[in-house]
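Notes follow once the structure below has been shown.
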Amino acid sequence: IRDSFACQYRKHFPYTDSGWNIYNPYKYFTNLLTGYNTKYGNPVWCISPINENYQLSPTYPSCVVIPTMASDEDTLRRVGNFRIKGRIPCMCWKHPTKTVTISRCSQPKVGLTLQSSQSDRYLIES
């Protein structure tokens, strides 16, 4: 097994920072939203730096794409507190030519008492 291609092949990695800065979420999301349709002249999605220091969600990138209608920082923090690991609903993919998107989030913390959050409902409905 040690002589197999998978164990022996070593690709030259030209980056001096060990690759930590290859992925730039802001640049990726900017490209994702380029040419995206607007609703009544206003953008439907926006890039939010809400997770800049990874305090809202340690598993999300430093910025996230969220509905413009729900871009208020206080609302996003309340939703993050209501969701497991702070994983608020946000866009992670957009079809290149259509307005189809895929969004992700975690389960809400409803518990045995079936709690709800108005901020969470507002963000989901946006």
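- Between L76 and S48, the closest side-chain pair of non-hydrogen atoms falls below 4.5 Å.
- Heavy-atom neighbours of Y28 OH from other residues, nucleotides or ligands within 6.0 Å: above the threshold of 12.
- Side-chain contact check for Y23 versus P25: some heavy-atom pair is nearer than 4.5 Å.
- With a 4.5 Å cut-off on side-chain heavy atoms, E73 and I50 count as touching.
- In this structure Q55 satisfies the side chain to side chain contact (heavy atoms under 4.5 Å, CB included) test together with N53, sequence neighbours excluded.
- Put simply, the residue from P49, P89, C90, C92 that forms a side-chain contact (heavy atoms from CB on, under 4.5 Å) with V64 is C90.
- V65 has its side chain out of reach of K94: every pair of non-hydrogen atoms, C-beta onward, lies at least 4.5 Å apart.
- For the pair P67 and W45, the tightest heavy-atom approach, listed with the atom from each and the gap, is N-CE3, 3.6 Å.
- Between the CD1 atom of I88 and the CG atom of L56 there is a distance of 5.5 Å, given to the nearest 0.5 Å.
- If you take SG on C46 and CE on M91, they are separated by 10.0 Å, rounding to the nearest 0.5 Å.
- Residue T75 holds its OG1 atom at 11.0 Å from CE of M69, rounded to the nearest 0.5 Å.
- Y26 places none of its side-chain heavy atoms less than 4.5 Å from the side chain of S62.
- Remark: Y9 engages F5, K11 in a side chain to side chain contact (heavy atoms under 4.5 Å, CB included) (not counting sequence neighbours).
- Scanning both residues, T68 and P43, for their nearest heavy atoms gives OG1-O, 3.0 Å.
- Of all heavy-atom pairs between Y60 and N51, the closest is O-ND2, 3.2 Å.
- Among residues two or more places apart in sequence or in another chain, the side chain to side chain contact (heavy atoms under 4.5 Å, CB included) test is passed with T59 by S57, R87.
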